[in-house]
Each structure stands twice: as structure tokens, then as C-alpha cells.
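Following: one structure in C-alpha cells, then a few remarks.
Letters A, B, ... mirror the listed sequences (proteins, then strands); counts begin at 1. When reading the values below, keep in mind they use all heavy atoms of this one structure, side chains included, and skip hydrogens, waters and symmetry mates.
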2 protein chains.
Amino acid sequence: MAQNVQDLPRELFSGIDRSGSVPLYSQVAQRLEQAIADGTLPAGSRLENEIALGDQLGLSRPTIRRAIQELVDKGLLVRRRGVGTQVVHGPVTRGVELTSLFEDLASSGRTPRTTILDADVRPADDAEADALGVTVGSPVLHLRRLRFADGVPLAVLDNLLPEPFLDLDRAELATDGLYSLLRARGVTMRVAKQRIGARAATPRESELLDLPPGAALLTLARTAFDDSGRAIEFGQHCYRPDLYSFEVTVVDR
Amino acid sequence: MAQNVQDLPRELFSGIDRSGSVPLYSQVAQRLEQAIADGTLPAGSRLENEIALGDQLGLSRPTIRRAIQELVDKGLLVRRRGVGTQVVHGPVTRGVELTSLFEDLASSGRTPRTTILDADVRPADDAEADALGVTVGSPVLHLRRLRFADGVPLAVLDNLLPEPFLDLDRAELATDGLYSLLRARGVTMRVAKQRIGARAATPRESELLDLPPGAALLTLARTAFDDSGRAIEFGQHCYRPDLYSFEVTVVDR
DNA sequence: AAGTGGTCTAGACCACTCA
DNA sequence: GAGTGGTCTAGACCACTTG
């Protein structure tokens with residue numbers, strides 16, 4: 001019987017750049033992802049096996065495997081031992097990434113704007129010191145901002161930052177995202193631990209977000225860590241749920 | 001100068017089982033994770049380099065790398081090129097996994113109970129057919145359940161299931177979770193795409209969940225896919241936000 | 001029995017960081 | 001310049017699924 005295997009057009013993989021700085025597995029993953037997005041690899045179709053793919057591209061099997069694994073983690077492909085690799089049926093969604101709200105908005109074509117409500121340096125109380133992993137009483141920057149998208153109030157952002165960041169520029173905070181300011185200081189965010197919940201808005205929040213009193217809010221509490229594993233930021237954000245939600249793709253390995 | 005490198009106790013790795021079915025990288029990852037959990041590897045400490053670890057354990061570098069990568073993905077370790085691998089500072093939390101609410105509750109020591117509110121087979125409308133990837137008008141099972149934890153109403157669970165699952169046993173649905181019933185039929189969940197949001201409760205939901213009218217609810221819309229990439233389940237759940245929230249660990253790679 | 005993905009090895013070279 | 005993780009190769013053997 002004829003195989004249900006997709007013969008990928010050669011052109012799709014002709015442009016592999018071995019000298020550039022983009023890893024080969026990453027280039028392969030990108031090409032596969034695009035082939036899925038534009039329908040070259042339709043939902044449910046089977047890929048050729050890993051060794052054959054490697055031969056066609058002049059790459060080793062581990063390199064191909066890593067490319068495929070990347071798309072499995074994104075929820076685009078499914079692998080079964082003894083069977084093969086298939087494109088997942090159903091709609092394709094974008095996952096949560098380690099970005100800031102500001103960047104999320106900008107990259108989805110909306111216009112973000114920020115108003116600074118508060119920016120104080122105060123000694124850390126027990127809970128704050130615990131969240132940031134600093135000693136009680138050490139100075140921390142309390143930041144409270146209101147974020148707009150296309151002129152509509154979207155979220156109230158409360159952030160705590162430890163010692164090295166007490167002097168963040170208020171003017172820059174109004175125009176750039178917090179994360180881009182931190183990157184400009186050479187800080188690389190690596191891990192964030194987030195808790196997503198919901199609660200009723202306080203009167204103040206209702207007013208700021210232009211919502212009826214006691215309206216439902218989507219909440220995010222996040223601790224972000226840098227390269228060296230130090231806590232860089234503790235944030236407590238609340239969003240207008242009619243304008244914002246989170247997408248997560250979960251994969252069983 | 002003396003290195004800040006942890007000398008791991010030999011015992012920690014003595015019990016590697018080469019013949020069992022548990023992969024070596026998985027065994028190494030488990031031992032590292034436990035060493036972090038019990039303080040043998042304190043927050044901020046540096047691991048030895050990958051080749052040295054491999055030599056000590058009699059394993060190759062790729063195997064060690066894969067074990068470390070697993071913990072990096074969980075947010076427990078941080079790697080920097082040219083520097084080394086360190087344990088992340090700060091609290092350790094559990095991430096979201098591909099499990100059901102029923103299993104989450106059971107594994108955290110609480111007693112789940114379920115009431116079936118509805119279980120009808122109806123033809124799929126446009127939106128439902130789209131969510132499940134079936135044709136419009138094909139029969140789907142509409143399931144509506146109320147989930148309790150320790151006797152307290154916690155969530156209203158709306159689920160849609162396609163053709164092969166129309167005859168799920170109502171009695172079993174009351175005692176087991178949906179996912180364990182599906183597993184019993186040989187279905188293996190592989191990928192789920194979830195959207196987390198919030199909204200006000202409807203009068204009916206307020207009543208079911210024992211909340212004041214219009215209270216804030218945490219919502220989850222999920223499509224789950226099996227081994228072969230077929231949509232198996234579309235769920236729209238809402239939770240009491242004072243009793244439930246989601247944890248997500250995000251890693252930049 | 002044939003074909004698939006899952007695991008593992010033993011090397012190699014490179015880019016980056018830091019003293 | 002020494003040491004680290006990042007990438008890549010070319011094999012090998014195994015477990016599992018399917019015909």
C-alpha cells in the first residue's frame with residue numbers, strides 16, 4: 001500500500017546555512033514549523049523517518065531529532081515509537097513565553113502605553129524579603145504602573161525590585177517595558193515562576209481599569225530569576241479579563 | 001582560589017540501574033532533583049562540569065546534559081556558557097502538568113467527588129465541530145459536572161467528547177476522573193492547549209459553587225490531543241479562585 | 001520480520017567567560 | 001589561556017508497533 005508519508009519539497013530545506021550563528025536544529029525546526037503553518041504539511045500527515053530526513057538534509061540523526069523535539073514541545077508534532085511522527089490535528093496556538101506584557105502587546109501589533117502610579121523605595125517586610133530572597137529591612141523598589149493598550153486600560157502592574165535596581169529611571173519606565181530596561185542593564189531573565197488566579201477588583205482597581213465595582217480580574221503573581229539564579233523581580237499584576245488571557249501548551253513526555 | 005563547586009556525595013549516585021527500564025538521564029535527574037530538594041545542593045551552589053560528572057558516574061556527556069536539561073526546564077537549574085551550572089535561588093514550586101483536576105486533587109491529599117449535572121449526546125454545532133476537529137452535525141457527548149474537594153464545591157466542568165466516547169459510563173464518571181476513564185480505554189493524552197482567563201459567574205454558577213452573585217471565576221478552556229494528534233476532549237471549566245489557581249514555570253532557552 | 005522512535009556512547013570543534 | 005557549556009557527528013543497540 002502507498003505510504004501516507006509526506007514528501008517534503010526539496011526547496012524547503014535547500015537554504016540550510018552551516019556557517020551562520022543559527023543552530024542547524026533551529027533552522028530545521030523553523031522550516032518544519034512554517035511548512036505546518038502554510039499547509040505544506042497538513043494536519044495529520046506523517047513525516048518521513050528521522051534517518052531519511054537526516055540523509056536528505058545532510059544532517060545527523062541527533063540534529064534532526066532535536067529539531068523535531070522542539071516542535072513536539074510546542075505541541076505541533078506528536079511522536080509514537082514504532083509508528084512515526086505526525087502533525088497534530090486541530091488549531092495551532094501560541095504559547096506563553098518569557099516576555100513582558102509590554103513586548104506581548106507590541107509584537108501583536110497593539111500600542112502599549114504606561115502610566116507610573118507609584119515608585120518608592122522602602123525597606124522590605126517579611127513577605128517581600130521572602131519573595132525576593134533578600135534580608136528583611138533591605139531597601140526594595142515598589143513600582144505601581146497602569147498599562148494601556150491602544151488607549152484602553154488593560155492592567156495594573158505591581159512590581160518589587162531588589163537592591164541593584166532602586167534607581168530605575170521613571171521617565172524610561174513610562175516609555176519602555178520593565179524587561180527592556182533590565183536587559184539594557186545587562187540582566188538576562190532566565191526563569192519565571194508564575195501563579196495565575198482570579199479575584200474581584202478593589203474599588204481603586206475598578207476605577208483605574210474602567211470596570212464596574214467588584215468586577216472579575218485575572219491575576220498573575222510572578223518571580224523572575226536571572227542567569228545566576230538570583231531573584232530579579234517580583235510582580236503582582238491584574239488584568240481586565242475581557243481584554244487579556246493566557247495561553248499554555250502542555251506536553252506529556 | 002578555592003572553587004565554589006559542590007562535591008556531590010558518592011552515595012547519591014551509587015544506585016544507578018543500567019538494566020532497568022528507567023532511562024539513565026532520568027535517574028540522574030531524579031537524584032539531582034532530590035539533592036536540591038533536601039539541601040544537599042543548596043540554592044546558588046555550582047555543579048561540577050558536565051564531563052567530570054559523567055566520569056564520576058560512568059556516563060557519557062550527552063546523558064548528563066540531558067539530565068541537567070530536564071532540571072533546567074523545570075526551573076531548578078540555570079546554565080551559563082563559559083561559567084557553569086548553578087542551582088536557582090528562591091522557592092521551588094510545582095509546574096502545570098498534563099493531568100486532570102481529579103488527579104491534582106487526589107495527589108495533593110484532598111478528597112475529590114463529582115456530581116453529574118448533564119450528559120447528553122447532541123449534534124455538533126459550528127463552534128463545537130471546530131473545537132474538536134469533527135464535521136458539523138456529527139454526534140458529540142456534552143458533559144457537565146460539579147467537582148467537590150473535601151466536600152466543598154470547587155469547579156464546574158463542561159466537556160465535549162467526539163464520536164468514539166459517546167457511551168462513557170455515568171456511574172464511573174461520578175467516581176473516577178474523566179482522564180482515567182479515557183486511559184482505561186487505551187487513550188493516551190499527549191498535548192493540551194489551554195487558555196486561562198477570568199469572568200463573572202452566571203447566577204447558575206454562583207449557586208452551584210456557593211458564591212455570591214457575579215463573583216469572579218477562574219476559567220480554563222482546553223483542547224486535549226492523543227497520541228495520533230486527534231482532538232479527544234474540549235473542556236470549558238470554571239473554578240472558585242479562592243480555592244484554586246495555576247502554577248506555570250517559564251524558561252528561556 | 002521490518003520499520004519506527006528511544007536511548008546511549010565517544011569523540012570533535014566552537015563560542016563564550018573570566019582571570 | 002584555561003575552563004565552561006553549545007553544537008554536531010556517526011555510529012550502536014533496544015523497545016515498540018504493525019503487517
Side-chain angles (χ1 to χ4, degrees), chain A residues 1-6 16-29 45-73 77-87 186 188 190 226-229 251-253, chain B residues 1-6 16-29 45-73 77-87 186 188 190 226-229 251-253:
Chain A
M1 131 190 187
Q3 295 282 356
N4 183 22
V5 173
Q6 286 292 320
I16 297 282
D17 173 17
R18 291 193 86 92
S19 63
S21 67
V22 180
L24 300 179
Y25 64 81
S26 201
Q27 296 182 45
V28 174
S45 60
R46 255 182 49 210
L47 262 59
E48 296 175 83
N49 74 60
E50 299 170 343
I51 297 182
L53 277 175
D55 285 348
Q56 290 180 25
L57 305 181
L59 297 173
S60 69
R61 186 181 168 207
T63 302
I64 299 292
R65 270 188 72 76
R66 181 152 180 188
I68 291 176
Q69 186 61 49
E70 214 162 89
L71 299 187
V72 169
D73 290 345
L77 295 178
V78 174
R79 289 204 269 216
R80 277 185 295 172
R81 187 192 316 218
V83 178
T85 304
Q86 277 181 300
V87 179
T188 318
R190 267 302 168 65
D226 76 350
D227 267 303
S228 67
V251 179
D252 186 31
R253 301 205 224 183
Chain B
M1 137 193 181
Q3 295 283 356
N4 183 22
V5 172
Q6 286 293 320
I16 297 283
D17 173 18
R18 290 193 87 94
S19 63
S21 67
V22 180
L24 301 180
Y25 65 80
S26 202
Q27 296 182 45
V28 174
S45 60
R46 256 184 45 213
L47 262 59
E48 298 175 82
N49 74 60
E50 298 170 343
I51 297 182
L53 277 175
D55 285 348
Q56 289 180 26
L57 305 180
L59 298 173
S60 70
R61 187 183 167 206
T63 302
I64 299 293
R65 271 188 71 77
R66 180 150 182 191
I68 290 176
Q69 187 60 48
E70 214 161 272
L71 299 188
V72 169
D73 290 344
L77 295 177
V78 172
R79 287 203 271 214
R80 276 183 294 172
R81 187 191 323 214
V83 179
T85 304
Q86 279 181 299
V87 179
T188 317
R190 266 302 168 66
D226 76 351
D227 267 29
S228 66
V251 178
D252 186 32
R253 303 203 223 186

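When only modelled atom types and interatomic distance are considered, B:Arg79 and B:Gln86 share no side-chain donor-acceptor pair under 3.5 Å.
Counting non-hydrogen atoms under 4.0 angstrom, A:Leu24 reaches the backbone sugars and phosphates but no base.
Here B:Thr63 reaches the OP1 or OP2 of C:dT9: one of its side-chain N or O atoms lies under 4.0 Å away. At the phosphate of C:dT7, OP1 or OP2 sits under 4.0 Å from a side-chain N or O atom of B:Tyr25. Under 4.0 angstrom from either OP1 or OP2 of D:dT7 there lies at least one side-chain N or O belonging to A:Arg66. Distances shown here put every side-chain N or O of A:Ser21 at or beyond 4.0 Å from the OP1 or OP2 atom of C:dA15. A:Arg80 has no side-chain polar atom (N or O) that falls below the 4.0 Å cut-off from OP1 or OP2 of D:dT17. Note on B:Asn49: every side-chain N or O is 4.0 Å or more away from OP1 and OP2 of D:dG3.
Between atom CZ of residue B:Arg66 and atom OG of residue B:Ser26 there is a gap of 8.5 Å, rounded to the nearest 0.5 Å. Atom CD1 of B:Ile51 and atom CD1 of B:Ile64 lie 11.0 Å apart (nearest 0.5 Å). Rounded to the nearest 0.5 Å, atoms OG1 (A:Thr85) and CG (A:Leu47) are 6.0 Å apart.
By the 4.0 Å N-to-carboxylate-O rule, B:Arg190 lies too far from B:Asp226 to be salt-bridged with it.
Listed for the A:Gln27 side chain is a donor-acceptor partner under 3.5 Å among the backbone atoms of A:Asp17.
Evaluation of the salt bridge (Lys or Arg N to Asp or Glu O under 4.0 Å) rule for A:Arg80 yields no partner, not counting sequence neighbours.
Of all nucleotides listed (C:dT17, D:dG6, C:dC8), C:dT17 comes nearest to the side chain of B:Val83. The side chain of B:Thr85 has D:dG5 as its nearest neighbour among D:dG5, D:dT9, C:dG5. For A:Arg18, counting side-chain heavy atoms from C-beta on, the closest listed nucleotide (D:dT9, C:dC8, C:dG6) is D:dT9.
One interatomic measurement links the two molecules: CG of B:Leu53 to C1' of D:dG5, which rounds to 13 Å at whole-angstrom precision. The distance from atom CD1 of B:Ile64 to atom C1' of C:dT9 is 12 Å, rounded to the nearest whole Å.
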Give every pair of a protein N or O atom and an N or O atom of nucleotides 11-14 of chain C that lie under 3.5 Å apart, one pair per line with the distance.
unit_1: C:dA12; atom_1: N6; unit_2: B:Arg61; atom_2: NH1; d: 3.2

